[in-house]
Amino acid sequence: ARGYDIRRYVLNCFGGAAGQHACLVADALGITRIFFHPFSGVLSAYGMKLARLRTISRRPIGRTLGPAIADDLHNQADAASQDAERALHDQGASDAQISVKLHLRFEGSDTTIAVPLGALEEMQKNFESAHTARFGFGFAHKALIVESIEAEAAERNDEPRARHDHATQSEPDLPMH
C-alpha cells in the first residue's frame with residue numbers, strides 16, 4: 001500500500017514463535033528474504049519482563065451521550081477505575097496512573113472511537129474531530145452513543161524494572177555461556 005513494493009523488503013521476525021509463522025507470512029506477502037535474530041525469543045521475553053504493567057477494565061453503557069447520563073458515566077468511570085487499579089495492584093504494582101475513555105459512535109454506526117472522559121461538549125467535539133480525520137466526513141445531526149467506558153491503570157513509574165517472583169529470588173545466579 002502507499003506505493004511500496006514490500007516484496008523487495010526483508011521480513012524481520014521476533015518473539016518466541018516467529019519461526020513458526022515467518023515462512024507462511026513471507027509466502028503470503030511475496031517476500032523472499034527473512035531475518036531471524038538469534039536472540040529474538042529471549043529479547044522479546046526480556047522486553048515483556050521490563051515493560052510497565054497495565055490493565056484495562058471496560059463496562060458496557062449503550063446509551064445516548066447527553067446530560068441525562070453524565071452522573072452515571074462518572075459513577076461507571078469510578079467503578080471501572082477501581083477495578084483496573086485493584087487488578088494492577090494484584091500484579092505487583094505499587095502506584096497507578098488511571099486514564100478513562102469513552103468509546104463513542106454515531107447512532108446507526110458500529111464503529112467506535114475512544115475519547116477521554118471530560119465535559120459533554122468536549123467529548124462530542126473530540127469524537128467529531130477524530131471521526132472526520134479518520135473517515136473524512138461526519139454526521140452533524142446524528143446522536144452519539146456511548147458504547148462502553150474504559151479505565152486503564154498503568155504503573156506510574158516510567159523506569160522499567162525487573163520483577164522477580166519468589167521462586168527465582170532464592171535460586172543462585174548461574175553464569176550463561
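Predicted model only: the values in this text are computed from it and were never measured. All residue numbers refer to positions in the sequence shown, counting from 1.
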Self-check item: Any residue meeting side chain to side chain donor-acceptor pair (under 3.5 Å) with Asn12, in chain and number order, not counting sequence neighbours
Solution: none
Quiz item: How would you list, by chain and number, every residue that makes a side chain to side chain contact (heavy atoms under 4.5 Å, CB included) with Ala119, sequence neighbours excluded?
Solution: Glu121, Glu122
Quiz item: Asn126 versus Leu104: any side-chain heavy-atom pair under 4.5 Å?
Solution: no
Practice problem: Mind checking the CD-CG spacing from Glu155 to Asp95? Nearest 0.5 Å is all I need. | Solution: 9.5 Å
Self-check item: Minimal non-hydrogen separation, Ala154 against Arg52, with atom names
Solution: CB-NH2, 3.3 Å
Exercise. State which residues pass side chain to side chain contact (heavy atoms under 4.5 Å, CB included) with Gln76; sequence neighbours excluded, sorted by chain then number.
Key: Arg59, Ile61, Asp72, Ile149
Quiz item: Excluding sequence neighbours, so at least two apart, what forms side chain to side chain donor-acceptor pair (under 3.5 Å) with His103?
Solution: Arg58, Glu150
Quiz item: Taking C-beta and beyond as the side chain, do Tyr9 and Tyr4 meet within less than 4.5 Å on heavy atoms?
Solution: yes
Quiz prompt | Test item: Leu102 and Leu117 side chains (from C-beta on) under 4.5 Å apart, heavy atoms | solution = yes
Quiz item: Going by heavy atoms in the side chains, are Leu120 and Leu65 under 4.5 Å from each other?
Solution: yes
Quiz prompt | Flag side-chain contact, heavy atom, 4.5 Å: Thr112 against Arg105 | solution = yes
Quiz prompt | Heavy atoms of other groups near Phe36 CZ, more than 12 under 6.0 Å | solution = yes
Quiz item: Roughly how far, to the nearest 0.5 Å, is CG of Asp83 from CG of Leu88?
Solution: 12.5 Å
Exercise. Answer whether the closest heavy-atom distance between the side chains of Ile34 and Val10 falls below 4.5 Å.
Key: no
Quiz item: Do you know which of Ser81, Ser99, Ser57 makes side chain to side chain contact (heavy atoms under 4.5 Å, CB included) with Glu152?
Solution: Ser99
Self-check item: Closest heavy-atom pair and its distance - Ala130, Ile113
Solution: CB-CG2, 3.8 Å
Exercise. Just jot down the side chain to side chain contact (heavy atoms under 4.5 Å, CB included) partners of Gln124, sequence neighbours excluded, or say none.
Key: Glu128, Leu144
Self-check item: Results of side chain to side chain contact (heavy atoms under 4.5 Å, CB included) for Arg7 - residues two or more places apart only
Solution: Asp5
Quiz item: Do the rings of Phe135 and His131 sit parallel, tilted or perpendicular, given the 30° and 60° boundaries?
Solution: tilted
